[in-house]
Amino acid sequence: MRDTERTGTVMPETAGDAAADEDRAEWGPLAALPGNPMMWLLIWSELAVFSLGLIGFAIAWILDPETFRQSQATLNRLAGGINTMVLVSSGFCAALAVEAQSRKQGNAARWWLAAASLLGLVFLVVKGMEYADKAAQGIGIDTNNFYTLYYLLTGFHALHVVLGIVILIIVGWRNSLENLETGAAFWHMVDLIWILLFPVVYLMR
Amino acid sequence: MKYPTQKIALAYFAVAMALFAIQVLGGLLAGYVYVAPNFLSDILPFNIIRMLHTNSLIVWLLLGFFGATYYLIPEEAERDIESPMLAYLQLIILVIGTLGVVVTYVFDLFPGNWLLGKEGREFLEQPLWVKLGIVVAALIFLYNVTMTVLKGRKTAITNILLIGLWGIAIFFLFSLYNPGNLVLDKMYWWYVVHLWVEAVWELVLASILAFLMLKLTGVDREVIEKWVYSIVALALFTGLLGTGHHYYWIGTPGYWQWIGSVFSALEVAPFFAMVVFAFMMVWKGHRDHPNKAALLWSLGCAVLAFFGAGVWGFLHTLAPVNYYTHGTQITAAHGHLAFFGAYVSINLAIITYAMPHLLGREPYNQVLNMASFWVMSAGMAFMTFTLTFAGTIQTHLQRVLGEGYMDVQDQLPVFYWMRFGSGAVVVIGVLMFLYATFVPASAKTPQRASAAPAE
Amino acid sequence: MHNPPSRKILITAWLTLLALTAGTMISGHVSGGDALGPAWIAALAAITLFKARIVLRDYLNLRAASGGWGRGFTAFLILLLGILALLFIIQGLRLLPT
Amino acid sequence: MKTKSAARNIFYGGSLFFLVIFVALTVDSHLYALNVSTDQAGLTEAVVRGKRVWEKNACIDCHTILGEGAYYAPELGNVWIRRGDPDDPEVAREFIRDWMKSQPSGVEGRRQMPQFNLTDQEINDLTEFLRWVSTIKTQNWPPNDAG
């Protein structure tokens, strides 16, 4: 259907979309998801890792509530909240990029991707400031179990933000709709994981 | 057999099977020493037997992988192997190296010599000159197969196989690094051991399994390739950081307990995917391949790998559990079923599949071959159970109650006797397999035509 | 596939997410140090579930995905957040010997 | 881009991501081993020579050390503590020397340790190695002195 609407200005990669659609059918039920099915394998791996990590966090909390309560109180809850807003806004930009690409507005899509990446950087800066603050207090990953988990969970998530920005740049360059959906899917999952992580690690007590 | 150079595989498989026989006989001997400790203790101490048992396993599995590669690369790349001469040279180097290890250890030659002497790190016992020989052989091999693939058709199967083989060679280089600090030694030792068996070997396993499924079930290549990419992706996404489960108690930071627990808990996923894959393909397949035994081994491989590597691995991989079970017979139980299920079975599957083609015959001795699967698997499963029980008791008495190591061991002979019995069953199964594979039944005339549709 | 949600839906989703994040911060007593108590923990879990569903449904466009993916994810999230909230509530009520 | 090549690239990219994290954590662990968990100053030449004695006699194919090895003979990562006296380091040293010299026991039905015919120097080095290993911070493993 989209093929009939195609104009001459789109990137050559989009020419592959129709073939890609046929190709997708062989993925079985995975084909029903947006973006490349393999990306969903990565997304599930990540979701499983973070879910296990969060459940481990809650269990470790039960085993040593005093340490965890005191340590959690040193976190900057406001910064965590602000970062949540930054990330959901960034996800909004990524979703708009896909929407623009689906209307063949490749340039608009790139601008939205750039905005999404920029907000991702803002997230990293805020996160970096939190880490610097902890380091200044002499708190590290070995300080206690709470901080081990805090650094592992948020650090691993932050690395996903870094990877996500790289992916957004790649799909902005090779911007077929399929690729854009794939990159955005990863980005939204990074978003989703933070939405789960923030209340548990920063707030629940 | 479509390409003459596939014949190279025959030599590799033959040597591999000879070592397989030595390996299980060594295992049987070790199992006997467990129950009769004075047996041969002056001439062939336990540590030498154990070294032979584990090293012959590793070498024959690798030879099997190499043979499988030489067999399937021409068919996949639609091209003969670049240089058969180099392939045979590689085999000769590896055989000389293997003999070198055996002779050096059994006769205790060159003690302490930096080049010729024993290197005595678990699984990396080979003297330095053998290690260097292995590196040379690996370079020859990689050159040979990479050139073949580059000049031929590129498929997902060859692609993943090559990544796996390159990974094997690259991570083996860490065996040359042996610092004086034991903690660092152990850390990089796992770069070889873990990143082999729980990462790059899985790529080799998945690509051989994919090749077998392609040939045996007749399912479209497109479908199989998607499965195999999914499986290897899961294997590496979980297996790389899964190394953490070896970094709990060896002087590495505490955060590995979390990383190792979480990621290695998920290491079961690729094995589960492999089971689903194998059965789905057979179910969807429309081909009635004459080589039923190869199909049995392929399906058996997926299932036993799932239990041995997946389930038995998970049993003791969580750090709070591993704190008590680390270095007990539980590990031995897991190791036996994991290696048998994953890597022994895939080798026997490809050998069962390839031998009739290599010898230009119809599949023969099918029933005996299939019987050998059940005998070997039953023996190995029972061995796993006995060692799991022994390990559970050991964990409780030694790690929880604090009884002395030997006091605990003295309470376990009944399990070691049962393990010895199950080991004997495995050996019988192996002999059945070797007979079924190498000794022709009635001299049937080669009927290439009837086997041809299976290609 | 390839039918992303309209801009209007996305803007609504974004604004809802911002509002719910504010709700998260209030329920989680961003400025206070005390224990939250079961009600606020449950509220946090519920709000988080809503936020996650919006991301999945609108950002990730699972509303267009066939085959029950949306329901599957929701079930998974309910399970995960349920376990987490339960563990924190149990701890907060000191139902376990410590 | 076809989904298959995209799938391959995601496989490459994802694996690379995890590999990079793994290597980075290894670097951190390497530094941790040097600075925190092991006695770097006490890693004398005798200890390194002792490690070599340990290796060239393939001790690990019967024993375990820090839980790794064969499971045929006792854990030796903590043998210095198990057989020693916190007040008198010579006790463990004596024990190991006497033990090495008295093997094999020859007792029927008892697991046999070979006689390795180590020189006094080698026994000393090996003992130093085992002493050094016992000082490694192993997250409190093993659970008790039985190893």
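First the proteins, then the strands, lettered A, B, ... as listed; each starts at 1.
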Which bit of B:V400 comes within less than 4.5 Å of chain D, counting heavy atoms only: side chain, backbone, both or neither? backbone
Of all heavy-atom pairs between B:G327 and D:Y71, which one has the smallest distance, and what is that distance? O-CD2, 3.4 Å
Is the backbone N or O of B:M187 less than 3.5 Å from a side-chain atom of D:H30, with the two atoms forming a donor-acceptor pair by type? no
Chain D heavy atoms under 4.5 Å from B:Y416: which part of the residue, side chain, backbone, both or neither? side chain
Per-residue tally against chain B (heavy atom, under 4.5 Å) across D:L66, D:L43, D:T64, D:I21 peaks at D:L66
Interchain contact, B:D108 with chain D, by part (heavy-atom threshold 4.5 Å): neither
Please state whether the rings of D:F18 and B:F237 are parallel, tilted or perpendicular, taking 30° and 60° as the class boundaries. tilted
Which atoms of B:P179 come close to chain D, meaning under 4.5 Å heavy atom to heavy atom: side chain ones, backbone ones, both, or neither? backbone
Taking the side chain as every heavy atom from C-beta outward, state whether D:W132 and B:L182 have any atom pair closer than 4.5 Å. yes
D:N140, CG: over 12 other non-hydrogen atoms inside 6.0 angstrom: no
Using a 4.5 angstrom heavy-atom cutoff, name the option from D:P114, D:G106, D:A58, D:A70 with the most pairs to chain B. D:A70
Portion of D:V23 that has a non-hydrogen atom of chain B nearer than 4.5 angstrom: both
Under a 4.5 Å heavy-atom cutoff, which of D:G14, D:S29, D:C62 has the most pairs with chain B? D:S29
Determine the option with the most heavy-atom pairs under 4.5 angstrom with chain D, choosing from B:G120, B:G112, B:G404, B:A156. B:G120
Non-hydrogen atoms of chain B under 4.5 Å away: do they reach the side chain of D:S15, the backbone, both or neither? both
Under a 3.5 Å cutoff, is there a donor and acceptor pairing between the side chains of B:Y191 and D:T26? yes
Would you mind telling me which of B:F39, B:Y255, B:Y105 has the largest number of heavy-atom pairs within less than 4.5 Å of chain D? B:Y255
D:W141 side chain to B:Y323 main-chain N or O, any donor-acceptor pair under 3.5 Å? yes
Region of D:Q115 in contact with chain B, defined by heavy-atom distances below 4.5 Å: neither
Salt bridge (charged side-chain N to carboxylate O under 4.0 Å, His left out) assessment of B:K186 paired with D:E68: CA-CA 9 Å; B:K186 283 178 176 293; D:E68 293 167 3; 3.0 Å; yes
Please classify the contact between D:N57 and chain B as side chain, backbone, both or neither, with a heavy-atom cut-off of under 4.5 Å. backbone
Part of D:Y72 within contact of chain B (heavy atom distance under 4.5 Å): both
If you tally heavy-atom pairs under 4.5 Å against chain D, which of B:N113, B:T54, B:D185, B:I160 wins? B:D185
Tell me the closest heavy-atom pair linking B:A233 and D:F11, and the distance in Å. CA-CD1, 3.5 Å
B:N47 side chain to D:C59 main-chain N or O, any donor-acceptor pair under 3.5 Å? no
Which bit of D:K51 comes within less than 4.5 Å of chain B, counting heavy atoms only: side chain, backbone, both or neither? side chain
Given D:L34, D:V53, D:V133, D:I65, the one with more heavy-atom pairs under 4.5 angstrom with chain B than any other is D:I65
So, the part of D:F129 with a heavy atom under 4.5 Å from chain B: the answer is side chain
Within the structure provided, determine whether B:Y229 and D:R8 are in side-chain contact (heavy-atom separation under 4.5 Å). yes
Does any backbone or side-chain atom of B:T252 lie under 4.5 Å from a heavy atom of chain D? Answer side chain, backbone, both or neither. both
Toward chain D, the part of B:F123 with a non-hydrogen atom under 4.5 Å: neither
Has the side chain of B:Q409 got a donor or acceptor atom that lies under 3.5 Å from a matching backbone atom of D:A73? no
What are the two closest non-hydrogen atoms of B:R50 and D:G69, and how far apart are they? NH2-O, 3.5 Å
Close side-chain approach of D:P142 to B:Y324, heavy-atom, < 4.5 Å: no
Could you tell me the separation between the CG atom of B:L236 and the OH atom of D:Y12, rounded to the nearest 0.5 Å? 11.0 Å
Highest number of heavy-atom pairs under 4.5 Å with chain D among B:M406, B:E403, B:Q257, B:H246 belongs to B:M406
Segment of B:Q394 engaging chain D (4.5 angstrom heavy-atom cut-off): neither
Measuring heavy-atom distances to chain D, does B:E125 have an atom under 4.5 Å in its side chain, in its backbone, in both, or in neither? side chain
Can you say whether D:I136 sits under 4.5 Å from chain B via the side chain, the backbone, both, or neither, judging by heavy atoms? side chain
Checking D:R111 against chain B: side chain, backbone, both or neither under 4.5 Å from a heavy atom? both
Relative to chain D, which segment of B:A332 carries a heavy atom at a distance below 4.5 Å: side chain, backbone, both, or neither? both
Do B:Y247 and D:L25 have side chains that approach each other closer than 4.5 Å (heavy atoms only, starting at C-beta)? no
Interface moiety of D:V107 toward chain B, non-hydrogen atoms closer than 4.5 Å: backbone
Quick one: closest heavy-atom pair of D:R110 and B:N38, and the distance? N-OD1, 3.9 Å
If we ignore angles and hydrogens, is there a donor and acceptor under 3.5 Å between the side chains of B:N181 and D:Q40? yes
What pair of heavy atoms forms the shortest contact from D:S37 to B:V183, and how long is it? OG-CG1, 4.5 Å
Heavy-atom distances under 4.5 Å only: say whether B:S230 touches chain D with side chain, backbone, both or neither. neither
When rounded to the nearest 0.5 Å, the distance separating CD1 of D:I60 from CE of B:M51 is 13.5 Å
Distance-only side-chain donor-acceptor flag, D:E55 / B:N178, under 3.5 Å: yes
Of the backbone (N, CA, C, O) and the side chain (C-beta and beyond), which part of B:I163 lies under 4.5 Å from a heavy atom of chain D, both, or neither? side chain
With chain D, the option among B:G251, B:G180, B:G239, B:A199 that has the most non-hydrogen atom pairs under 4.5 Å is B:G251
Considering non-hydrogen atoms only, spot the tightest contact between B:L184 and D:A33 and give its length. CD2-CB, 3.8 Å
Going from CD on D:E75 to CZ on B:R399, what distance comes out if it is rounded to the nearest 0.5 angstrom? 7.0 Å
Side chain, backbone, both or neither: which part of D:P74 has a non-hydrogen atom closer than 4.5 Å to chain B? both
I'd like to verify something: which residue of B:L401, B:V408, B:L195, B:L240 has the highest number of heavy-atom pairs under 4.5 Å with chain D? B:L240
To the nearest 0.5 Å, tell me how far D:T138 OG1 sits from B:H326 NE2. 9.0 Å
Main-chain N/O of B:I48 paired with D:D61 side-chain donor or acceptor, under 3.5 Å: no
